[in-house]
Amino acid sequence: MRKTKSVSQIIAAHTLTYFNFLNLVLCVLVLISGQYKNMLFMGVVISNALIGIVQELRVKKLIDRLSVLTQAKARVLKVPEGTTDPDLLSSAETEEVPTEDLRVSQIIRLSAGDQIVCDGTVLLSEGMEVDESMLTGESVPVHKNAGDELFSGTHIVAGGGAALIVHTGEDNYASKLVEKARTKKRASSEMQDAINRIIRYVSFALIPIGAGLFCIQFFRAHAGMSDSLVNTVAGVLGMIPEGLVLLTSISFILGVGRLAGKRALVQEMEAIEALARVNTLCLDKTGTITTGALKVEKVVRIREVREAGTDEEEIRRLMEGIAHAFSETNVTGDALKEFFADTKPYKVLEALPFNSRRKYMGVEFEGAGAYVLGAPDFITKEEQILQKSEEYATKGYRVLLLSKVDGMADMPQDLTGVEPMALIVLSDCVKEDASETLKFFRDMGVQIKIISGDNPATVSAVALMAGLEGGERYVDATELPTDPDELKKVVGDYVVFGRVSPEKKYDIIRAFQAADEQKSLPSGAKPAKHGRIVGMVGDGVNDVLALKEADCSIAMANGADAARQTAHIVLTDSNFASMKNIVKEGRTIIGNIERVSALYLTKTIYSVLLCVLFIIIGKNYPFIPIQLSLIGATAIGIPSFLLALEQHDEVVISGFLRHVLRISLPGAIGMVLVTSVVQILDKLLLLGPDMVSTLNMFLGGAVSLGVLVFVCRPMNKMRFAMCVGMTAIFVGACFMFPQFFGIISLF
């Protein structure tokens, strides 16, 4: 189950923070000064903390409930402890048990796609192959036989069997190493990186600037202890971007909650931003643009392809034996089982399960020989057979070749005595909503890439039927360059990639991330500074490597356990069409944060500049805390929460800090200029402290509200009403309570 924060951790996260501690210190300073009205900012701090706690607790409740749907479970065999009989182990009933409830000496059933969650010993191997790359770094799967060890953190890539649990939890072999190895690439967050950088710089500047400002107020401007403390608090208070931190946190938390309502379990909050910025989305054909439910359409004997013959009844018997030789299969195996009866015509001596490297399965029967069934171009080089297979593939069919061989071999190049016998033709239906979903991504500026293990011609035909733009541009991945630099130059030329191995999927993802060419990106999309932002949708164990490497990875809840545990986001309804709502939500969240971040950073920047300026000129700081509280509430605080809830489908591109500074820096400079003008006028006209404070208040408020208007462009009814309302509140407060805000009465 996805581990969420505890209630105490949530409360601590929103209360025991650096900025809250700093605000408490500032509050104490104001308390010492005796000017208690200037402590109003603590009300905002407390309100922010309460809002954050309440919202995160609500989201926690929703996520904990939803996480049950994707909770990792193991299938425990209902057999007495100590059972080793292969027949009993293969036929025993199973019971699903949460992985945290497993105990030593239990026997679990394993199948392709399962992540091994505890150390164990193989009791039964049905062609079991395990990917141990997370421990050894070696990507080639390891065959496991009875008596071999299994390690937590690895996963089954082919076959299955049963294993005895020998260690659980912290007792697992190299558990710290495994945990480190299991850690997926974290979703990228350009926005949070930029915000953390700003906070770090401001944190370093707070104490020296605050100390310098106090010394200038007290020793040079002779403001007195009380006023010096209040003015210093005002300067430091404005520098703290606490609202920005709160807004970002709350927006992400609420985003996780809203996405959960759309049947998407977010396993890393940063994934929301990564998904919003994705401009290249890679996905498999099966289960995304097709239903994934295959159907055998026909069996084509080789005598119909060349002048040779194989008895039709013999082919059927062999296919019945092959189809039912494996207890755990994929969708292709399910289609074969449904079409061919379970007559058990021959005794199985050896079974070699399908995997995505060799592209075929194999079975050796007692008295009947060995046979393989899989991709024609991986099994034979006979031109007539490949040509016939290609004819079906170009019509969107999936084609398998049944061949007799001298014996089982782990890889195609090791097969000998290959005698093709029949072509098995299967169909896969295009989803009704596939065309609409693909159009949505095209309109959003996202380039779709199909990466599949099937024949590229088949995938291309299906993609075109689904309405994928550029679906005719396909390539056999086995023909792609192996050199990373060469690969990144050519990947943009293709939309459909066929015959892709797990390792090649990984290479293609990396190539897209490194590619910076514009030619294949749709209108409106821009490449990232160092390449594209790549998303990967997958549900199989063969997708795990690519899911780990993608900037944002999405898995289906009904897919392999290893894929779910690896992905940043899990679609609990296993429906690719729901990605539309998820991308919209992600773009809304990040777009809104970028919009309102400009408001908060304007205040931070002008506060820093004003502190430095008034330290240099040796005069009193132009604002007191209560004035900044009103300006902050009307021009930043209230509008930011309203804008953060707004819905839109704006395209989000990279360059967070650049976009924000484009607005906040001119606004901050404007604030410095107007306060400087007031200082000059005071020197020339001897305006007096009350008039200076009044001018600073109104001009400062005008600049801040001007930044708000600029942020709200393009203006709509809601934004216009908000800008008018905030201006009215600001002006009304100044007119009604001038003494409270330290300005001259205008009546």
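If you read the sequence from its start, that first residue is 1, and numbering goes on from there.
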Under 3.5 Å side-chain donor-acceptor pair for Ser427 and Arg398: no
Under 3.5 Å: donor-acceptor pair, side chain of Thr288, backbone of Lys285: yes
Check: Phe497 and Lys449 side chains under 4.5 Å, non-hydrogen atoms: yes
Check: Lys504 and Leu480 side chains under 4.5 Å, non-hydrogen atoms: yes
Asp342 vs Lys337, side-chain contact (heavy atoms from CB on, under 4.5 Å): CA-CA, chis, key distance, verdict: CA-CA 7 Å; Asp342 185 10; Lys337 286 182 176 181; over 6 Å; no
Pairwise side-chain contact, Arg510 with Val534, heavy-atom cut-off 4.5 Å (strictly under): no
Value rounded to 0.5 Å, distance of CG in Leu259 from CD1 in Ile582: 6.0 Å
Spatial distance of atom CG (Leu438) from atom CG (Asp443) [nearest 0.5 Å]: 11.0 Å
Minimum side-chain heavy-atom gap Ile424-Val399 below 4.5 Å: no
Spacing of Glu549 atom CD and Lys505 atom NZ [to the nearest 0.5 Å]: 15.0 Å
Identified side-chain contact (heavy atoms from CB on, under 4.5 Å) partner of Met408 from the options Val363, Leu352, Leu415: Leu352
Any side-chain heavy-atom pair of Leu275 and Val583 under 4.5 Å: yes
Heavy-atom side-chain proximity of Leu283 to Ile451 below 4.5 angstrom: no
Donor on one side chain, acceptor on other, His143 and Asp410, under 3.5 Å: yes
Residues Glu312, Arg316: salt bridge by 4.0 Å N-O rule: no
Check: Glu320/Thr343 side-chain N/O donor and acceptor closer than 3.5 Å: yes
Residue list, side chain to side chain contact (heavy atoms under 4.5 Å, CB included) with Asn455, at least two apart or on another chain: Glu390, Ala393, Ala457, Thr458, Arg499
Stepwise side-chain contact (heavy atoms from CB on, under 4.5 Å) check, Val300 with Tyr392: CA-CA 11 Å; Val300 182; Tyr392 285 113; 3.6 Å; yes
Side chains of Thr416 and Val405 in contact at under 4.5 Å (non-hydrogen atoms): no
Lys/Arg-Asp/Glu bridge criterion (N-O < 4.0 Å) met for Glu129, Arg358: yes
Test: Glu96 and Arg75 ion pair at under 4.0 Å: no
Set of residues satisfying ring pair (Phe, Tyr, Trp, His ring centres under 6.0 Å) with respect to Phe365, sequence neighbours excluded: Tyr346
Partners passing side chain to side chain contact (heavy atoms under 4.5 Å, CB included) against Gln387 (at least two apart in sequence or in another chain): Glu391
Value rounded to 0.5 Å, distance of NZ in Lys431 from CG in Asn575: 5.0 Å
Ser574 and Asp539, any side-chain heavy atoms less than 4.5 Å apart: no
Atom pair NZ (Lys488) and CZ (Phe512), whose distance is rounded to the nearest 0.5 Å: 13.5 Å
Glu436/Lys439 salt bridge by N-O under 4.0 Å criterion: no
